[in-house]
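This report concerns only the one structure given below.
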Amino acid sequence: MRLLFLGDVFGRPGRTVLTQRMPGLRRDLGLDRVVANAENASGGLGLTAKAARQLLESGLDVLTGGNHTFRCADLGPMLDSSERLLRPANYPAGAPGRGWRVFRPRDAAPYAVINLLGRTFMAAVDCPFAAAEGILGQLPADVPVRLVDFHAEATSEKKAMGYFLDGRVSAVLGTHTHVQTADAQLLPQGTAYMTDLGMTGPAASALGMDPEEVVARFRTGLPRRFMVSKAAPEMQGALIDIDASAGKVVTIAPWRLAG
Ligand code: FE2
C-alpha cells in the first residue's frame with residue numbers, strides 16, 4: 001500500500017497546487033491513498049467547509065486537523081457529517097467531529113487515521129498520550145495499518161509520541177510547524193516516524209505568510225496583519241510504502257515537489 005501523507009495545506013496556494021497536481025500524482029506515483037493536514041487551508045488560518053470540499057474533490061482521501069480546526073465556524077456541521085474529515089481526538093468532550101476513524105475502501109486495504117494535538121507551547125487540551133492509548137484499545141484487530149498525525153509544536157513531544165506508539169501503529173507523522181524535517185526513520189519496534197512533514201503552500205514565505213509583515217512583528221513587537229504569501233507553491237510530505245497485511249512500513253521518505 002503506497003501512501004502520500006502531506007504536510008499542512010496552506011491557503012489558496014496550497015489548495016490550488018493540490019487541485020492541479022493531485023490527479024496526475026495519484027497516477028504517476030501509484031498512490032493508493034493520500035492524506036493531508038488541512039487545518040490552515042483557508043487564508044492560512046482555519047478551514048472552511050467550502051475549502052474542505054474542494055480538497056476532498058481534488059483527490060485527497062482524508063483531511064486531518066489541528067489547533068486551528070475550529071476557527072471557521074461553518075466547518076462544525078461538516079466535521080460531524082463527513083467521514084473523511086478529522087479533528088484532533090484529544091479535544092475536550094463536546095467538540096464536534098471525530099478524532100480517529102477506520103476506513104475500509106473497496107480499492108485498497110483498510111486503514112485507520114488518528115489525529116492528535118500536542119500540548120507543549122500550545123493551548124491546553126486533553127492528554128494526547130492518554131487519548132492515543134484509549135483509541136488503540138478500540139481499533140479493530142483486522143486493521144493493522146494505523147496512521148497517526150501528531151499536530152504539535154515541540155520536537156520533544158513529537159519524539160516522545162513516536163516512542164510511546166512504537167510497534168503499536170504503522171506511522172507517527174508530525175505536522176504543524178510547516179518546516180519539513182530530515183529525520184524520516186523506522187523506530188526500533190518498526191513504527192515509521194518523521195517529526196514534521198512540512199507544508200503544502202507558498203515556498204518562499206514565513207511558514208506560508210508574506211515575510212514582510214512577519215519580520216515587522218518580530219522587530220516591533222506590535223500586532224501586524226499577516227497575508228498569505230503569493231510565492232510559488234511547493235508540496236511537502238512523506239511517501240510511505242506499507243506492508244498492509246502486517247501494518248508495517250517498509251520505507252518512509254521525505255517527499256517534496258515544486259508546484
Ligand atoms: Fe497548527
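Just so you know, ligand 1 is whichever comes first in the structure, and atom 1 is the first atom listed for that ligand.
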Original post:
Are the charged groups of Arg21 and Asp28 less than 4.0 angstrom apart, N to O?
Top reply: no

Subject >> salt_bridge(Arg119, Glu157) N-O dist < 4.0 Å >> reply: no

Original post:
When you check the gap from the basic side-chain N to the acidic O, do Arg26 and Asp61 get nearer than 4.0 Å?
Top reply: yes

Original post:
Are His151 and Asn115 close enough that a side-chain donor and a side-chain acceptor fall under 3.5 Å?
Top reply: no

Original post:
What protein atoms of element N, O or S are positioned under 2.8 Å from the Fe ion (ligand 1)?
Top reply: Glu39 OE2, Asn67 OD1, His151 NE2, His176 ND1

Subject >> Members sharing Leu222's hydrophobic cluster (side chains within less than 4.5 Å) >> reply: none

Original post:
Can a salt bridge be assigned to the pair Asp241 and Arg2 using a cut-off of 4.0 Å between side-chain N and carboxylate O?
Top reply: yes

